[in-house]
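Residue numbers start from 1 in every chain, and the chains themselves are labelled A, B, ... in the order their sequence lines are given, proteins ahead of strands. All values reported here derive from a predicted model rather than from experimental measurement.
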There are 2 protein chains.
Amino acid sequence: MATYAVNVSPAAPSSVGNEDLVGRRVLVVDDDPTVAEVASSYLRASGFVIDEARDGFAALQLAERIDPDLVVLDRMLPGIDGIEVCRRLRHRSSVPVILLTALGSEDDRIAGLEAGADDYLAKPFSPRELVLRVQSVLRRSIDEFTPQSVLEFGGFRLDPSARVATRAGAEIALTSREFDLFEFLAKHPNQVFSREDLLRTVWGWTYGDLSTVTVHVRRLREKIELDPRSPALLTTVWGVGYRFTTGGAPDAMV
Amino acid sequence: MATYAVNVSPAAPSSVGNEDLVGRRVLVVDDDPTVAEVASSYLRASGFVIDEARDGFAALQLAERIDPDLVVLDRMLPGIDGIEVCRRLRHRSSVPVILLTALGSEDDRIAGLEAGADDYLAKPFSPRELVLRVQSVLRRSIDEFTPQSVLEFGGFRLDPSARVATRAGAEIALTSREFDLFEFLAKHPNQVFSREDLLRTVWGWTYGDLSTVTVHVRRLREKIELDPRSPALLTTVWGVGYRFTTGGAPDAMV
DNA sequence: GACATCCGTTCGCGTTCCGTAAGGCTCGTG
DNA sequence: CACGAGCCTTACGGAACGCGAACGGATGTC
């Protein structure tokens with residue numbers, strides 16, 4: 001089944017799979033042992049490596065030592081306040097922070113965002129949602145700092161940073177949209193996407209004319225398919241959407 | 001005529017529109033017929049397909065059979081306690097659970113969190129709010145780009161995300177409905193489903209012509225059975241329905 | 001300012017798929 | 001063995017869908 005974790009920015013097509021998240025270090029900061037325990041065990045079950053701190057001071061010290069990939073931070077803490085901890089964390093690193101607020105009050109949210117929190121969760125929260133948010137935020141931050149890798153498959157080569165596509169060394173002249181579409185499909189091969197899916201992820205629209213997708217698929221086919229009349233790579237799945245196959249026959253040469 | 005993808009709730013930062021939720025299966029578990037009835041009718045009005053159970057045991061059994069997308073679970077149940085039901089549900093699937101608690105007591109909340117509930121609602125609840133919570137939780141649990149697990153059995157291979165079915169490596173050309181039917185049956189082997197069951201789960205209808213199922217079963221048989229005249233995998237259980245056997249003879253040769 | 005490029009939209013056509021209806025067959029029961 | 005209900009098979013019409021071609025507007029370039 002599918003999903004979405006709250007993404008504020010219009011659906012970024014992430015290439016980071018859940019398996020890339022396994023082993024990441026998460027620091028859980030809460031003075032309530034029960035809450036911390038529940039959160040930790042769920043996160044651990046999802047493959048994260050967990051450290052815990054009971055107050056702000058310990059949190060800062062620990063963060064310094066272990067350099068976590070993400071921090072789950074309670075807003076209300078004995079000693080240094082959660083907001084302040086967040087600010088100080090941010091002062092010397094760009095570690096993502098998820099803030100746990102007492103209630104979804106507007107003030108808390110604003111304060112949290114100002115302090116540099118990446119996301120927040122109102123208490124009482126569901127541990128499963130916490131896991132989803134952690135994964136989502138981590139995915140985003142990994143995306144951001146991972147240099148875009150070049151995609152190679154079946155004679156094609158896609159360079160996202162240069163925005164150049166070649167087949168057997170020869171450049172394929174793609175327009176901007178065509179490249180975006182191609183890139184997304186190439187990053188998620190052997191998966192069917194509906195026109196709505198593509199409109200949301202590639203175009204970043206939540207509504208719109210679906211035939212836009214149809215036409216662009218057609219144009220893309222014209223440039224990458226050997227025989228655009230009977231597509232071999234970018235195939236239509238009737239009543240569902242489109243699927244990109246990198247090369248059922250391994251390395252379908254040109 | 002243009003076809004539009006419309007997101008009904010622009011307020012929510014999620015990219016999953018409400019239309020994606022229509023037809024999802026919700027299991028409502030409550031021993032009080034009045035409560036169950038109210039909840040069911042409201043959810044049904046919002047486009048969900050509803051099944052009901054009166055106690056924990058029936059709930060677990062039904063969940064096994066129909067594989068719901070979400071469970072609305074009363075905390076107080078005759079026989080097995082709601083919390084325990086939740087825990088057992090979680091034991092073998094990741095189906096989201098919304099717990100109905102007698103009152104927002106702290107103990108209930110903690111116990112629920114530990115058992116893995118996704119959200120709560122204190123009784124008496126507003127049916128309107130229930131619908132909203134169900135939609136919200138479902139939206140969260142839908143992760144679009146995480147490929148689903150591939151099913152393999154007796155020479156067959158079913159890839160739900162690619163929507164490709166193969167036997168011994170050779171692709172079987174299935175239509176959309178045929179694939180859905182095949183997928184559902186393959187996910188619940190050795191179980192008998194009535195035509196009503198299939199119409200509800202695969203088609204997402206609560207009423208309709210049962211012969212629709214009959215015909216599709218026949219069409220599916222034509223494509224997956226070695227001898228469609230005497231089916232070996234998708235067999236008829238007279239007066240009851242259909243059963244799919246992954247390979248009565250272990251690894252039914254090709 | 002003229003031109004080329006790209007993008008989103010529109011319309012008509014051919015195809016595919018689905019649901020339903022009708023008749024024949026099969027299985028279980030009395 | 002006969003009957004009836006349940007199931008299978010076939011055929012068909014309509015609706016949904018995808019495709020191709022072309023148009024007009026917006027944008028950027030020379």
Exercise. For atom CZ of A/R177, is the number of surrounding heavy atoms from other residues, nucleotides or ligands below 6.0 Å larger than 12?
Worked result: yes

Problem set entry | Worked verdict on A/F179 versus A/F182 for ring-ring contact (aromatic ring centres under 6.0 Å, His included) | CA-CA 5 Å; A/F179 189 90; A/F182 197 13; 7.5 Å; no

Problem set entry | Charged N-O contact under 4.0 Å between B/D51 and B/R65 | no

Exercise. For D/dC19, does OP1 or OP2 lie under 4.0 Å from any side-chain N or O of A/Y242?
Worked result: yes

For this session: Would you sort out whether A/F184 and A/F244 count as a ring-ring contact (aromatic ring centres under 6.0 Å, His included), showing the intermediate values?
Result: CA-CA 10 Å; A/F184 177 77; A/F244 183 75; over 10 Å; no

For this session: Find the distance B/R163:CZ to C/dC17:P and express it as a whole number of Å.
Result: 12 Å

Seminar exercise, completed: Ranking C/dT16, D/dC19, D/dG20 by distance to the side chain of A/T236, first place goes to D/dC19

For this session: Report yes if a side-chain nitrogen or oxygen of B/S176 is closer than 4.0 Å to either non-bridging phosphate oxygen (OP1 or OP2) of C/dC17; otherwise report no.
Result: no

Problem set entry | Heavy-atom side-chain proximity of B/R128 to B/V131 below 4.5 angstrom | yes

Seminar exercise, completed: What one should report as the nearest heavy-atom pair of B/A59 and B/L27 is O-CD2, 3.7 Å

Problem set entry | Length of the CG-P vector between A/L234 and D/dC19, whole Å | 10 Å

Exercise. Roughly how many Å is it from CH2 in B/W238 to P in C/dC27, rounded to a whole number?
Worked result: 9 Å

Exercise. Does A/R195 place a side-chain N or O at less than 4.0 Å from the phosphate oxygens OP1/OP2 of D/dC17?
Worked result: no

Seminar exercise, completed: Between B/V150 and B/P160 the two heavy atoms that sit nearest each other are CA-CD, 4.2 Å

Problem set entry | For DNA chain D, the residues among residues 203-224 of chain B that have a non-hydrogen atom under 4.0 Å from it | B/T214, B/V215, B/R218, B/R219, B/R221

Exercise. Given axes from five pairs at either end, by how many degrees does the helix from C/dG1-D/dC30 to C/dG30-D/dC1 bend, rounded to 10°?
Worked result: 30°

Exercise. Choosing from D/dA21, C/dG28, C/dC7, which nucleotide comes nearest the side chain of A/R177?
Worked result: C/dC7

Exercise. Judged by atom type as modelled, is there a donor-acceptor pair below 3.5 Å linking the side chain of B/E171 to the main-chain atoms of B/V164?
Worked result: no

For this session: Kindly check if the number of other-residue, nucleotide or ligand heavy atoms within 6.0 Å of CZ (B/F125) is above 12?
Result: yes

